[in-house]
Amino acid sequence: MKIPKLHIILFHFLSIVFGFFVGIGIALLVKAGENQMLAAAAIVIGYGIITAVISFIVSFFLASTQNQKVIVSLNILWTLFISIIILTIFIRRERPRIENDQNKLQKKTQPALGISKAISLFPTYCWLNTNLIPNNTDLPMGMGIFKPNLAPEYSLYFYGNVKEQTVTDSISFTINNNGHIEISYAPPWLLPQNLKLDYGILLFKIKTIYKRFLEIEVNSKTHQTALINSNAGKVLLWPSFLLEVHSIELLPSKNNFIRSRPFEHSDKINIQHTLLLPLAIRGNWMKVQLVDDNYTALGEGWIKWNEKGQLLVKYSLLS
């Protein structure tokens, strides 16, 4: 049995690889996998396999009709072609990561101007050593609260619109000398719903929920909004969020009262108390526990926490 020469074996192998890449190129050119969802990858690979088989068959014909010099030249040509394709794929895969690392490095050298501005402009209400979050009751309350992932390996990217998904700005995080998370870069217009990073608090109001994106309010004074990826943190609709806060306070201007049952005309509860602790939510009503300075339970009641798309309460995140 005659053993094929090394350059012939290499020629058959390179012809298979060459044909596979040509098939994938044809599939991408004619958009064979477009709108095929999960089947798209299988369709594109199928094109590659078919052309690889054809190229393998043709390689036997060429190997039997051409001399050694032609086969060696084709081996060099196929090798160059395959090398260029592999190098192109590698560069396209690595470019986003390299650009992201460069952006992070650049942002770490820039001062967090937006956060400095946010701290100076954000009003703080002191109430029993807590930061009580002010709510502008003349504005829609939105859908809930977004809590971004707070870690140096995460960045919160802002997008211009859902279709183009172009990043317009971002927030980057780092660890300070005390081991606490802090913001290394933020846009100058950033003014979140609440900011207290030494307690791991960075909150944004959600205005719109899309399938994979959220529209959040990035400036609580001008009500500027931006889009973010919904996987960039935790989404808490108002009922879930309010049940996680430390305490609740009624807005006196809304003529809201603590009642014995979740009905408008049920009996009022007139017990002197210090705090209202959220227990449960049913529709527009919240069940609360009344406690004194020592957190001794004094009784329970119901309050209306929202009406016509507006919050009727303030909430405190810290004890």
Side-chain angles (χ1 to χ4, degrees), residues 118-119 121-148 150 180-181 191-207 216-217 220-221 233-264 266-319:
I119 293 173
L121 292 178
F122 191 81
T124 301
Y125 288 69
C126 294
W127 179 56
L128 297 174
N129 297 321
T130 67
N131 288 326
L132 191 64
I133 310 305
N135 300 295
N136 190 335
T137 56
D138 295 329
L139 296 170
M141 67 182 191
M143 303 290 293
I145 293 294
F146 175 75
K147 300 169 66 174
L150 299 179
H180 296 144
I181 193 75
L191 187 58
Q193 177 83 358
N194 189 231
L195 172 66
K196 195 166 180 60
L197 284 179
D198 51 337
Y199 284 86
I201 296 174
L202 176 59
L203 305 178
F204 297 91
K205 183 168 72 175
I206 301 172
K207 297 197 67 176
I216 62 172
E217 189 176 86
S220 58
K221 186 176 181 180
K234 188 175 181 180
V235 176
L236 290 170
L237 300 183
W238 279 117
S240 299
F241 173 74
L242 291 175
L243 290 175
E244 287 190 0
V245 304
H246 173 261
S247 54
I248 297 292
E249 182 187 27
L250 294 172
L251 293 174
S253 60
K254 293 300 179 180
N255 199 30
N256 200 5
F257 302 98
I258 305 172
R259 299 187 180 275
S260 59
R261 294 183 297 170
F263 301 107
E264 196 73 54
S266 59
D267 297 334
K268 297 178 183 178
I269 295 178
N270 297 311
I271 299 176
Q272 292 295 324
H273 61 278
T274 304
L275 296 174
L276 297 175
L277 307 182
L279 298 176
I281 289 180
R282 182 191 300 172
N284 294 343
W285 292 86
M286 176 188 292
K287 189 177 184 180
V288 294
Q289 184 179 62
L290 291 72
V291 299
D292 60 15
D293 292 337
N294 298 318
Y295 288 87
T296 302
L298 305 174
E300 296 180 355
W302 291 84
I303 62 173
K304 186 175 282 189
W305 67 274
N306 84 90
E307 187 175 46
K308 297 179 180 179
Q310 295 181 345
L311 287 177
L312 302 181
V313 296
K314 293 179 181 179
Y315 53 85
S316 177
L317 299 172
L318 306 175
S319 58

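No hydrogens, no waters, no symmetry mates; every other heavy atom, side chains included, goes into these values. This is a predicted model, so every value here is computed, not measured.
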Close side-chain approach of K196 and L318, heavy atoms under 4.5 Å = yes
request  = With rounding to the nearest 0.5 Å, note down the distance linking CG in L251 to CD in Q310.
outcome  = 10.5 Å
ask   = Considering all heavy atoms of both residues, which atom of G200 and which atom of L150 are nearest to each other, and what is their separation?
value = O-CD1, 3.5 Å
remark   = Hits for side-chain hydrogen bond (donor to acceptor under 3.5 Å, both in side chains) against N256, two or more places apart or cross-chain, chain-then-number order -> none
request  = For I271 and L298, work out which heavy atoms get closest and say how close.
outcome  = CD1-O, 3.8 Å
ask   = Between W285 and R259, what is the shortest heavy-atom contact and its length?
value = CH2-CD, 4.0 Å
inquiry  = Going by the rule side-chain hydrogen bond (donor to acceptor under 3.5 Å, both in side chains), which residues pair with Q289 if we only count those two or more places apart in sequence or in a different chain?
reply    = none
remark   = The reported gap from CD1 in I258 to CG in L276 (rounded to nearest 0.5 angstrom) is 4.5 Å
note = Hits for salt bridge (charged side-chain N to carboxylate O under 4.0 Å, His left out) against K207, two or more places apart or cross-chain, chain-then-number order -> none
request  = Check whether any side-chain heavy atom of W238 sits under 4.5 Å from a side-chain heavy atom of W305, and report yes or no.
outcome  = yes
task = Just do the side-chain contact (heavy atoms from CB on, under 4.5 Å) check on I181 and D198 with the steps written out, would you?
result = CA-CA 7 Å; I181 193 75; D198 51 337; over 6 Å; no
message = What's the separation between atom CD1 in I303 and atom CG in L250, rounded to the nearest 0.5 Å?
response = 4.5 Å
ask   = For the atom pair NZ (K147) and CG (N194), what is the distance rounded to the nearest 0.5 Å?
value = 11.0 Å
inquiry  = Taking the side chain as everything from C-beta on, heavy atoms only, tell me whether L202 gets closer than 4.5 Å to L197.
reply    = yes
key: Those residues that, when tested against S240, pass side-chain contact (heavy atoms from CB on, under 4.5 Å) (two or more places apart)   = L236
Test item: V291 and L277 side chains (from C-beta on) under 4.5 Å apart, heavy atoms = yes
task = Sequence neighbours left out, what passes side-chain contact (heavy atoms from CB on, under 4.5 Å) with N294? Give chain and number order.
result = D292, T296
request  = Please report the closest heavy-atom contact between Y315 and Q193, naming both atoms and the distance.
outcome  = OH-NE2, 3.1 Å
inquiry  = To the closest 0.5 Å, what do you measure between CG (L275) and OG (S247)?
reply    = 5.0 Å
query = What are the two closest non-hydrogen atoms of L317 and L203, and how far apart are they?
reply = CD1-CD1, 3.6 Å
task = Mind listing the closest non-hydrogen atom pair of F204 and P192 along with its distance?
result = CE2-CB, 3.7 Å
task = List for me each residue that meets side-chain contact (heavy atoms from CB on, under 4.5 Å) alongside P278, sequence neighbours excluded, and say none if there are none.
result = L243, V245, I248, M286
note = In short, salt bridge (charged side-chain N to carboxylate O under 4.0 Å, His left out) pairs touching residues 294-304 with sequence neighbours left out are E264-K304, K287-E300, K304-E307
ask   = Any side-chain heavy atom of W302 sitting closer than 4.5 Å to one from V288?
value = no
ask   = Which residues pass the side-chain hydrogen bond (donor to acceptor under 3.5 Å, both in side chains) test with Y199, sequence neighbours left out?
value = none
inquiry  = Working to the nearest 0.5 angstrom, can you tell me the gap between E217 CD and I206 CD1?
reply    = 11.5 Å
task = Check the pair K308 / M141 against side-chain contact (heavy atoms from CB on, under 4.5 Å), numbers first and verdict last.
result = CA-CA 9 Å; K308 297 179 180 179; M141 67 182 191; over 6 Å; no
